[in-house]
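Input: a single structure, listed below in structure tokens.
Note on naming: letters A, B, ... go to the chains in the order of the sequence lines (proteins, then strands), and numbering restarts at 1 for each one.
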Amino acid sequence: MSRRDVLNGIFADTTRELAAANFSKEADGGRVLAGPVRTMGLALDRMDQEARELREALKSGERVVELDPELIDGSFVRDRLDGEVPATDDIVRSIEENGQEVPILVRQHPDLEGRYQVAYGHRRLRAVRLLGRKVRAVVRPLSDNELVVAQGIENTARKDLSYIERAVFALSLETHGFGRDLIMQALSTDKTELSKLLSVAKGIPGSLVKAIGAAPSMGRRRWMDIAEKITDPKAMEVARNAIHRPEFEALGSDERFMMVLAEVSKKPQREQTISEWKPNGGKVAAKIKDTGRAYTLSLKTAEADEGFGAYLTKRLDDLYADWQANRKSKQE
DNA sequence: TAACTGCCAAGCAGGTCTTT
DNA sequence: AAAGACCTGCTTGGCAGTTA
């Protein structure tokens, strides 16, 4: 494959998308675009810049090399929740049938001599590893900042990270000490959205996120909903119990999410206080239930005491007046 | 049509600068 | 030094366009 083919392979989608974005701008009479189109445009502008840089790098002698996948480590910032690529995945089938058309981008490992670190192309790397082949890669000198921005932009442009994966990626970047500006750049997002992403990632324990998985169909609202609900420790407990149920394991990620959401959304049952009363030497027994909303006294009487219930009912007015007087004197 | 997503506006919190 | 003004970064609520 020629260098031109390589570039075409890497940037074909980007070129098409850029053309579409430029068309949108023209069709719009040159006014400043807002909303998703603007965001996509910004991401694509950056990708275009990356494309130009990579083109320059290749011109200056950088080339596609074949590397042993075992020598390549993932990025130091995790962006995906799903671990291995299954053998049935489209990307595995595609590479098996057509070969790896698009190289991945790596840098020399900053700490380990002779090893590499992926900037983007994690799924392709896993697929190639699964097939037991060498991986085709462009090796570039990249700073930490450049690596995470490249990683983030690629994911954003492909739109293949779920909401929670973006949130976890953002938190991971923040934990690594990257500033908000850079995180916004990497995720092609604004400060508002970043704030929400971080609040979701911080609000939901990693163990719960890991158990649910990427949940690709679930967006901001519903993740925020869960995060808000599990601020209640009881709801958190309910969520933890849900993910340990045997049927949970068998569900898909979206269904797992829905199951957890449904569980934490259930109104907690009011605690019930149940006690019993039995007088000395009497034949009557009472069961007392206090749910907080209702106070139930049920009497079980033997023949000898069967009039006690009626007697109690007749005396309710007196008992109530007595109780009120008692309460009043205590308050004074 | 419900849900997702990007964005705007308003408000809060903490830090810094200026004035008294 | 203390108080107030101002700035910056961030959060929250809600709206509107897009998508499946």
Closest of C/dT12, B/dC4, B/dT5 to the A/Ser199 side chain is C/dT12

A/Asp190 atom CG is separated from C/dT12 atom C1', nearest whole Å, by 13 Å

note: A/Leu194, atom CG; B/dC7, atom P; distance rounded to Å ~ 13 Å

Less than 4.5 Å apart, any side-chain heavy atom of A/Leu197 and any of A/Phe169? no

Beyond-backbone contact of A/Arg240 with A/Leu208, side-chain heavy atoms, under 4.5 angstrom: no

Is the distance from OP1 or OP2 of C/dT11 to the nearest side-chain N or O of A/Ser195 less than 4.0 Å?
yes

Q) Within 45° of the ring axis of A/Phe248 and under 6.0 Å from its six-membered ring centre, is that where the NZ or CZ of A/Arg256 lies? A) yes

message = Applying a strict under-4.5 Å side-chain criterion to I, L, V, M, F, W and Y, I'd like to know whether A/Tyr116 and A/Leu112 cluster together.
response = no

Return no unless some side-chain N or O of A/Arg222 is found under 4.0 Å from OP1 or OP2 of B/dC4. yes

Whole-Å distance, A/Arg220 CZ to C/dG17 P, equals 16 Å

Whole-Å distance, A/Tyr163 OH to C/dT19 C1', equals 18 Å

Between CE of A/Met218 and P of B/dA2 the distance, given in whole Å, is 16 Å

Taken to the nearest whole Å, CD/A/Glu228 to P/C/dT11 is 17 Å

On the side chain of A/Lys196, is there an atom forming a donor-acceptor pair with the base of B/dG6 - under 3.5 Å, no angle test?
no

Rounded to whole Å, CD of A/Glu193 lies from P of C/dG14 at a distance of 17 Å

To the nearest angstrom, the CE-C1' distance between A/Met184 and C/dT11 comes to 13 Å

Determine: side-chain N/O of A/Arg180 to OP1/OP2 of C/dC10, distance under 4.0 Å, yes or no.
-> yes

Worksheet item: Any side-chain N or O of A/Arg166 under 4.0 Å from OP1/OP2 of B/dG6?
Response: yes

ask   = Do the side chains of A/Arg107 and A/Glu146 get nearer than 4.5 Å, heavy atoms only?
value = no

Closest of B/dT5, C/dT12, C/dT11 to the A/Arg221 side chain is B/dT5

